Amino acid sequence: MREGTATLVRRVDYAPPAHWIRSVDLSFELDPAKTLVINRMRIEPNADLPAQPLRLHGEELNLTRVLVNGTSVSFRHEDGMLVIDQPPEGAFDLEIRNTCAPAKITQLSGLYNSGGGFFTQCEAEGFRRITYFADRPDVMAVYTVTLRANKASYPVLLSNGNLVETGDLEGG
């Protein structure tokens with residue numbers, strides 16, 4: 001969906017995805033002007049469908065790296081999507097590194113900056129403003145999230161889920 005236009009999505013048009021995302025490990029280096037997002041996903045093809053390219057949604061992102069099983073991979077952009085034409089046949093690890101600019105997000109969707117804090121709004125279709133992803137409601141992956149930010153500017157960092165670890169990094 002592009003800004004200023006709306007695409008009607010009907011349940012009757014639902015089709016299962018060509019790839020299942022099983023787990024997602026997101027790491028954020030939070031900065032209002034340029035947040036680094038490292039997205040590591042475990043992906044497997046949908047065995048009920050013929051082999052297809054992997055298509056991931058993305059909007060207002062600066063892509064810096066795409067790795068499959070630790071190796072650079074060919075990809076292309078098509079209609080607001082990152083496309084890997086020939087993903088591996090079996091399960092694989094995909095790492096995507098990108099930056100986004102939360103201070104410039106005015107739609108209050110995705111990762112944005114407001115009132116001196118960072119916030120996310122991912123429903124509906126906001127996750128694509130954070131990182132390239134299969135931004136659809138049936139992704140039932142297990143997520144792990146790591147947040148890093150300047151402690152003086154952002155003394156409290158909070159993410160959904162169960163807290164696993166907290167601490168201070170060198171340099172604040």
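Values below: every heavy atom of this structure, side chains too, minus hydrogens, waters and symmetry copies. Model, not experiment: these values are computed from the prediction.
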(request) Among R97, R40, R148, find the residue that satisfies the side chain to side chain donor-acceptor pair (under 3.5 Å) test when tested with S27. (result) R148

(request) Return yes if a side-chain donor-acceptor contact under 3.5 Å exists between E60 and Q107, otherwise no. (result) yes

(message) If the condition is ring-ring contact (aromatic ring centres under 6.0 Å, His included), which residues does Y154 pass it with, not counting sequence neighbours?
(response) F118

(request) Supply the atom-to-atom distance F28 CZ to N39 CG, rounded to the nearest 0.5 angstrom. (result) 8.5 Å

(request) Not counting sequence neighbours, which residues clear side-chain hydrogen bond (donor to acceptor under 3.5 Å, both in side chains) with D135? List them please. (result) R128

(message) Minimum heavy-atom separation for A101 and A33, please, with both atom names.
(response) CB-O, 3.3 Å

(message) Just verifying a value: how many Å separate I130 CD1 and L26 CG, rounded to the nearest 0.5 Å?
(response) 8.0 Å

(request) Kindly give the cluster partners of V83, where membership spreads through any ILVMFWY side chain lying under 4.5 Å from a current member. (result) M81

(message) Checking side-chain polar atoms at under 3.5 Å, does N98 have a donor or acceptor matched by the opposite partner on T131?
(response) yes

(message) If only side-chain N and O atoms count, and only distance matters, is there a donor-acceptor pair under 3.5 Å linking Y143 with D25?
(response) no

(request) Scan Q52, R55, R76 and name whichever one has a side chain to side chain donor-acceptor pair (under 3.5 Å) with D85. (result) R76

(request) Rounded to the nearest 0.5 Å, what's the gap from CG on L94 to CD1 on I43? Could you check? (result) 4.5 Å

